[in-house]
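Notes to accompany the following structure.
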Amino acid sequence: MSDLWIPGASGPLDDLVARIQLRIEAFGEATGAQPVVEVELRDGSRAVLRSIDAEPGFGFVTLSPHGDGGEEEWIVPVAAVARIVLRKAEERDPFGFSSPEA
């Protein structure tokens, strides 16, 4: 059996999420601004994220989108993530991303 990890399968989600968070931090340092993190799911759903967490595991991650007052979390299979977009926050942007240490 191969040690190749396929997104969506049980695998090292803690490592994947940690590496995504490191990439977000590096983007913020490179741009000198608070990064805005937007996720697009394969069904076309999009959201600007407050945070991402490797829990509950077993091929699933928890996405915490910014909402209109009410807080919510999306528990989705990692294979449902089509892409993650990082962009520099503008002054008018009320959103930001929280690293796990924050």
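No hydrogens, no waters, no symmetry mates; every other heavy atom, side chains included, goes into these values. Predicted, not measured: the structure shown is a model, and the values here were computed from it.
- Looking at S45, its side chain never comes within 3.5 Å of a backbone N or O of L41 through a donor-acceptor pair.
- No side-chain donor-acceptor contact under 3.5 Å links Q21 to the backbone of S51.
- For E55 against T62, the heavy-atom pair with the smallest separation is O-OG1, 2.6 Å.
- Just one residue in the list R83, R50, R46 forms a salt bridge (charged side-chain N to carboxylate O under 4.0 Å, His left out) with E38, and that residue is R46.
- Residues P65 and A47 share a closest heavy-atom pair of CB-CB, 3.7 Å.
- Under a 4.5 Å side-chain heavy-atom criterion applied to ILVMFWY residues, the cluster that includes I75 comprises F60 as well.
- Taken from CG in D14 to CG in D53, the straight-line distance is 8.5 Å, to the nearest 0.5 Å.
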### Task
Show the numbers, then the answer: is there a side-chain contact (heavy atoms from CB on, under 4.5 Å) between L86 and R23?
CA-CA 9 Å; L86 308 179; R23 185 66 220 132; 4.2 Å; yes

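- With a 4.5 Å cut-off on side-chain heavy atoms, V39 and V81 count as touching.
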### Task
Let me see the working for I84 and I20 under side-chain contact (heavy atoms from CB on, under 4.5 Å), right down to the final yes or no.
CA-CA 9 Å; I84 298 172; I20 290 170; 3.9 Å; yes

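- Between E40 and V85, every side-chain heavy-atom pair lies at or beyond the 4.5 Å cut-off.
- With hydrogens and angles ignored, the 3.5 Å screen pairs no side-chain donor or acceptor of R87 with any backbone N or O of V37.
- Evaluation of the side chain to side chain donor-acceptor pair (under 3.5 Å) test over residues 73-82, restricted to residues two or more places apart or in two chains, returns E72-W74.
- Of all heavy-atom pairs between R42 and A79, the closest is NE-O, 2.8 Å.
- Here the CD1 atom belonging to I24 is positioned 7.5 Å from the CG atom belonging to L49, to the nearest 0.5 angstrom.
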